[in-house]
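We count residues from 1, following the sequence as given.
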Amino acid sequence: MALKNRRDLPDVGEIVVGTIKEVHDFGAYMVIDEYNDLRAFLPWSEVATRALKNINDVIKENQKLAVKVIRVYRNKGQVDVSLKRVNDNERKRKMMYWKRTLKAINLILMAAKQINKSEDEAYKEVIWRLEDYFGDAMAGLENASLEGKEALRRAKVPAEWHDVLLDYAKKYVEIKHVQISVYVNLKSMDPDGIDKIKKILLDIKDEAKKHEGIDIKIYAIGSPKYRIDLIGPDYKTLENVLDKLNSKAEKMAKELKVTYSFERIKGQ
């Protein structure tokens, strides 16, 4: 499925998803799925880091690949791409993003048919607005599933879309929660030190609950150490919330004269 893109051509260095159409001894021709089936050339020398006897050992017709743009020919409307310059982590992240995006756009296009909207209207009125506000279309649907119509209003999606999009989001969008954890050390030698520590921990919990879609769990590991688990829809959101909680706790601890520090739990 080719996606519509507001740009005609990608930038040099951009990682894109494409489909192999022709394989030759000197390289392969492919179309870039994210750029309206833009034609791209993958030279033999950019297929693999190791020597190849047969290009078909690595790539085949109709194979979908994440590749890096290495040259852009704006006058011809074509690009050259590289497979070997995309590392495993980049490839996994890009393919995951591509699958998420494809699912979101399919859902939105299904919703468009239900309210007699065209594909162009779906992109202009929903898909691109969700991308602009939330970063990608699936993130927009995930937020709609969690928050309701308010998420769509914030992205300036027209009201006529709200009910049908919310219905599709709640039926078909699975919210995969992630978690980050920290150890917090709180110590006070004052007679009311325990009360002060409880106040800081309760305020941290109350602050976390102000953020939609965020759950928090606090455990006593053994004085003066406590464990805090933050659970939410994505790591970026959790990192932002954690920064706010840390700043609040640090400020309160200073005011109450409580020794405070925190450390990330390894692997979290």
Q | E90 bridged to R93 by N-O distance under 4.0 Å | A | no
Q. Cut-off 3.5 Å, side chains only: do S261 and E263 have a donor facing an acceptor?
A. no
Q: Return yes if some donor-acceptor pair links the side-chain N/O of K21 with the main-chain N/O of M30 below 3.5 Å, else return no.
A: no
Q.
Check K124 with D120, please: is the shortest side-chain N to carboxylate O separation under 4.0 Å?
A. no
Q | Any D11 side-chain heavy atom under 4.5 Å of V69 side chain | A | no
Q) Between R100 and D136, is there a side-chain N and carboxylate O pair less than 4.0 Å apart? A) yes
Q. Between K84 (side chain) and S45 (backbone), is there a donor-acceptor pair under 3.5 Å?
A. yes
Q | Donor-acceptor pair, side chain of N143 and main chain of A139, under 3.5 angstrom | A | yes
Q.
For the backbone of D243 and the side chain of S247, can you confirm whether one donor and one acceptor N or O come within less than 3.5 Å of each other?
A. yes
Q. From L186 CG over to I204 CD1, what is the distance, rounded to the nearest 0.5 angstrom?
A. 6.5 Å
Q) Does I218 CD1 have over 12 foreign heavy atoms under 6.0 Å away? A) yes
Q: Assess whether side-chain hydrogen bond (donor to acceptor under 3.5 Å, both in side chains) is satisfied between R39 and Y29, documenting all intermediate values.
A: CA-CA 7 Å; R39 188 171 171 83; Y29 288 99; 4.8 Å; no
Q: For the residue pair V16 and V67, establish whether any side-chain heavy-atom pair is separated by less than 4.5 Å.
A: yes
**Q.** Cluster check I127, Y97: I/L/V/M/F/W/Y, side chain < 4.5 angstrom
**A.** no
**Q.** Gap between atom OG of S82 and atom CD1 of I15 - 0.5 Å precision
**A.** 10.0 Å
Q. Are D206 and K209 ion-paired here, with the side-chain N under 4.0 Å from a carboxylate O?
A. no
Q) Are any of the side-chain heavy atoms of Q179 and K217 separated by less than 4.5 Å? A) no
**Q.** Residue from V241, I231, L245 passing side chain to side chain contact (heavy atoms under 4.5 Å, CB included) with I216
**A.** L245
Q. So, are E255 and K199 salt-bridged, with charged N and O less than 4.0 Å apart?
A. no
Q. Does the side chain of L9 reach to within under 4.5 Å of the side chain of Y35, using non-hydrogen atoms?
A. no
Q. Can you check whether L38's main-chain N or O pairs, donor with acceptor, with N36's side chain at less than 3.5 Å?
A. no
Q. Does the side chain of V17 come within less than 4.5 Å of K64's, by heavy atoms?
A. yes
Q.
Quick test of your reading of the model: are D80 and R71 salt-bridged, counting only N-O distances below 4.0 Å?
A. yes
Q. Roughly how far apart are I214 CD1 and E207 CD, rounded to 0.5 Å?
A. 11.5 Å
Q. Would you say L130 and L166 are hydrophobically clustered, going by side-chain heavy atoms of ILVMFWY under 4.5 Å?
A. no
Q) Any link between V79 and F41 through a network of hydrophobic side chains (Ile, Leu, Val, Met, Phe, Trp, Tyr) touching at under 4.5 Å? A) no
(Q) Grouping I, L, V, M, F, W and Y whenever their side-chain heavy atoms are under 4.5 Å apart, do V12 and L42 come out in a common cluster? (A) yes
Q | Residue of the set R85, K68, R7 for which salt bridge (charged side-chain N to carboxylate O under 4.0 Å, His left out) holds with E14 | A | R7
Q: Could you grab the distance from atom CG of L230 to atom NE2 of H211, nearest 0.5 Å is fine?
A: 9.5 Å
Q.
Does either side chain, that of T259 or that of N185, offer a donor lying less than 3.5 Å from an acceptor on the other one?
A. no
Q. For K170, does the NZ atom sit with more than 12 other heavy atoms under 6.0 Å from it, leaving out its own atoms?
A. yes
Q) Hey, is NZ on K254 packed in by over 12 heavy atoms from elsewhere, all under 6.0 Å? A) no
Q) Quick one: do M110 and L165 end up in the same hydrophobic cluster if we chain Ile, Leu, Val, Met, Phe, Trp and Tyr together by side-chain heavy atoms under 4.5 Å apart? A) yes
Q. Under a 4.5 Å cut-off applied to non-hydrogen side-chain atoms, are I197 and Y226 in contact?
A. yes
(Q) Are Y123 and W128, when compared by the centres of their aromatic rings, separated by less than 6.0 Å? (A) yes
Q: To the nearest 0.5 angstrom, please state how far the CE atom of M252 sits from the CG atom of D203.
A: 4.0 Å
Q. Between A155 and R129, which heavy-atom pair has the shortest distance, and what is it?
A. O-CB, 3.4 Å
**Q.** Any donor-acceptor N/O pair, R91 side chain to V86 backbone, under 3.5 Å
**A.** yes
Q) Taking atom CE of M138 and atom CD1 of I108, what is their separation to the nearest 0.5 Å? A) 8.0 Å
Q. Are I115 and W161 close enough that some pair of their side-chain heavy atoms sits under 4.5 Å apart?
A. yes
Q. Does V157 offer a backbone N or O that forms a donor-acceptor pair with the side chain of H162 under 3.5 Å?
A. yes
Q) Between K94 and E34, is the closest basic N to carboxylate O distance under 4.0 Å? A) yes
**Q.** Test item: N246 side-chain N/O and L242 main-chain N/O as donor-acceptor pair under 3.5 Å
**A.** no
Q.
Whether the side chain of E46 engages the backbone of P43 through a donor-acceptor N/O pair (distance < 3.5 Å, no angle test) should be reported.
A. no
